[in-house]
Amino acid sequence: MATPDKVDPIHQFHINKIVDFHVGGLDLSFTNSSLFMVVTVLVAGAFLYVATSSRALIPSRLQSVAEMSYEFVANMLRDAAGKQGMQFFPLVFSLFMFVLVANLLGMFPYFFTVTSHIIVTFFLAMLVILTVVVYGLYKHGLHFFHLFVPSGVPGILLPLVVAIEVISFLSRPISLSVRLFANMLAGHITLKVFAGFVVSLSALGTVGIAGAVLPLAMAVALTGLEFLVAFLQAYVFAVLTCMYLNDAIHPGH
């Protein structure tokens, strides 16, 4: 625990119960993380509903943003998985909007960043991988496992290459989830540390205020960088999802 006069950069990630609820030995309590996941879905849904409700021939700014988001994800999916990949557009677009809105909401003071918890990002990553496996087996049967057998590999190297491909595939949910979680966690901690420097130095009087100028400038710069990272991480998560779905649609190398 941090003392009252110090800023704890980890406190912003604590899970706090809002409604304590248990079923048998299972803890199903409604927490601040649960609340902000609900808020994320509501904000994203409300934005898309309001932005597209008028469907004007000359779009408003909100409608333009919604349409650009749609085209951005649609083009990303078509480029990665072809026209057949568009059947997964609702999944990819939902994931992109959820991650983006969750990241942006986490930038507001006293709000909770749900993507800074590995359990949330890992669940999203497992949703993607399970979709790839289930669809791949449903569509291609055992031919789906050709994904692990690259063409043109000499027979003597085939066992080693197959083992590498299997390990690489199994590591996808880990890398996909850790990338998002680690970037959001590290960025928010760094921002909170520099903001803490500003508060601590400002309490030292005139000399401290002068010394707080540099940490303040860094905090402002990091805030702008975090907004950029919030978008980039949503983009990276979506584009990797598209690439993985391409393996389910076209498992042959």
Side-chain angles (χ1 to χ4, degrees), residues 12 32-117 120-121 123-125 127-128 131 176-177 179-188 190-192 195 219-246 249:
Q12 59 186 313
N32 54 342
S33 180
S34 307
L35 174 63
F36 275 94
M37 281 189 273
V38 173
V39 170
T40 297
V41 173
L42 292 177
V43 169
F47 164 73
L48 292 173
Y49 177 78
V50 172
T52 59
S53 59
S54 63
R55 300 179 185 176
L57 185 61
I58 301 177
S60 63
R61 291 181 180 179
L62 282 181
Q63 185 178 336
S64 296
V65 173
E67 290 177 354
M68 285 190 295
S69 300
Y70 180 98
E71 287 299 325
F72 178 74
V73 176
N75 290 334
M76 182 196 313
L77 186 53
R78 277 193 291 262
D79 291 342
K83 292 183 179 180
Q84 289 178 286
M86 288 303 292
Q87 61 189 308
F88 294 106
F89 177 80
L91 171 64
V92 179
F93 186 74
S94 298
L95 287 172
F96 174 77
M97 291 301 297
F98 180 85
V99 174
L100 177 61
V101 174
N103 290 350
L104 292 176
L105 285 177
M107 292 301 300
F108 289 88
Y110 304 107
F111 278 31
F112 188 85
T113 311
V114 297
T115 48
S116 65
H117 280 260
V120 175
T121 59
F123 175 82
L124 297 177
L127 174 63
V128 173
T131 300
L176 191 60
S177 58
R179 182 182 293 105
L180 175 58
F181 144 77
N183 275 277
M184 301 311 299
L185 182 74
H188 280 61
T190 305
L191 184 58
K192 188 67 175 286
V220 172
L222 284 170
T223 300
L225 180 62
E226 277 299 287
F227 276 105
L228 176 62
V229 170
F231 171 79
L232 287 178
Q233 287 306 309
Y235 166 73
V236 170
F237 196 95
V239 75
L240 288 176
T241 297
C242 294
M243 294 173 63
Y244 297 158
L245 290 171
N246 180 58
I249 299 169

Can you give me the closest heavy-atom contact between Ala44 and Val101, atom names plus distance?
CB-CG2, 3.9 Å
Please tell me if the side chains of Leu240 and Val236 come closer than 4.5 Å, counting only heavy atoms from C-beta onward.
yes
Between Val65 and Phe47, is any pair of side-chain heavy atoms under 4.5 Å apart?
yes
Are the side chains of Phe98 and Leu124 in contact, using a 4.5 Å heavy-atom criterion?
yes
To the nearest 0.5 angstrom, please state how far the CG atom of Leu77 sits from the CG atom of Leu245.
7.0 Å
Which heavy atom of Val99 sits nearest to which heavy atom of Ala234, and what is that distance?
CG1-CA, 3.7 Å
When rounded to the nearest 0.5 angstrom, what is the spacing between CG in Leu104 and OG1 in Thr113?
10.0 Å
Reported CZ-to-OH distance for the pair Phe88 and Tyr244, which is rounded to 0.5 angstrom:
15.5 Å
Can you confirm whether Phe72 is buried at CZ, in the sense that more than 12 heavy atoms of other residues, nucleotides or ligands lie under 6.0 Å from that atom?
yes
Here the pair of heavy atoms bringing Val120 nearest to Ser33 is CG2-OG, 4.4 Å
To the nearest 0.5 Å, what is the distance between CE on Met37 and CG on Asn32?
9.5 Å
Is Thr121 reaching over with its side chain to a backbone N or O of Ser177, donor-acceptor style, under 3.5 angstrom?
yes
Determine which pairs satisfy side-chain hydrogen bond (donor to acceptor under 3.5 Å, both in side chains) with at least one residue from residues 88-111, sequence neighbours left out, and list them in order.
Asn103-Thr115
Backbone of Gln84 reached by a side-chain donor or acceptor of Gln87 within 3.5 Å:
yes
What orientation do Phe96 and Phe231 show, parallel under 30°, tilted 30 to 60°, or perpendicular over 60°?
perpendicular
So Arg179 and Phe237, do their side chains get closer than 4.5 Å, heavy atoms only?
no
Worked check of side chain to side chain contact (heavy atoms under 4.5 Å, CB included) between Thr241 and Thr131:
CA-CA 10 Å; Thr241 297; Thr131 300; over 6 Å; no
Should we say atom CE of Met243 is surrounded by more than 12 heavy atoms from elsewhere, each under 6.0 Å from it?
no
Looking at Thr223 and Met107, what are the two nearest heavy atoms and their distance?
O-CE, 3.8 Å
Residues Leu185 and Ser116: closest non-hydrogen pair is CD1-O, 4.1 Å
Has Phe89 got more than 12 heavy atoms of other residues, nucleotides or ligands less than 6.0 Å from its CZ?
yes
Specify the closest pair of heavy atoms between Ala81 and Cys242, including all atoms of both residues, with the distance to one decimal.
CB-O, 4.2 Å
With side-chain hydrogen bond (donor to acceptor under 3.5 Å, both in side chains) as the rule and sequence neighbours excluded, what pairs involving residues 224-233 come up?
His188-Glu226
With rounding to the nearest 0.5 angstrom, report the CG to OH distance, Asn75 to Tyr70.
10.0 Å
Please round to the nearest 0.5 Å and tell me the distance separating atom CG of Leu35 and atom CZ of Phe111.
9.5 Å
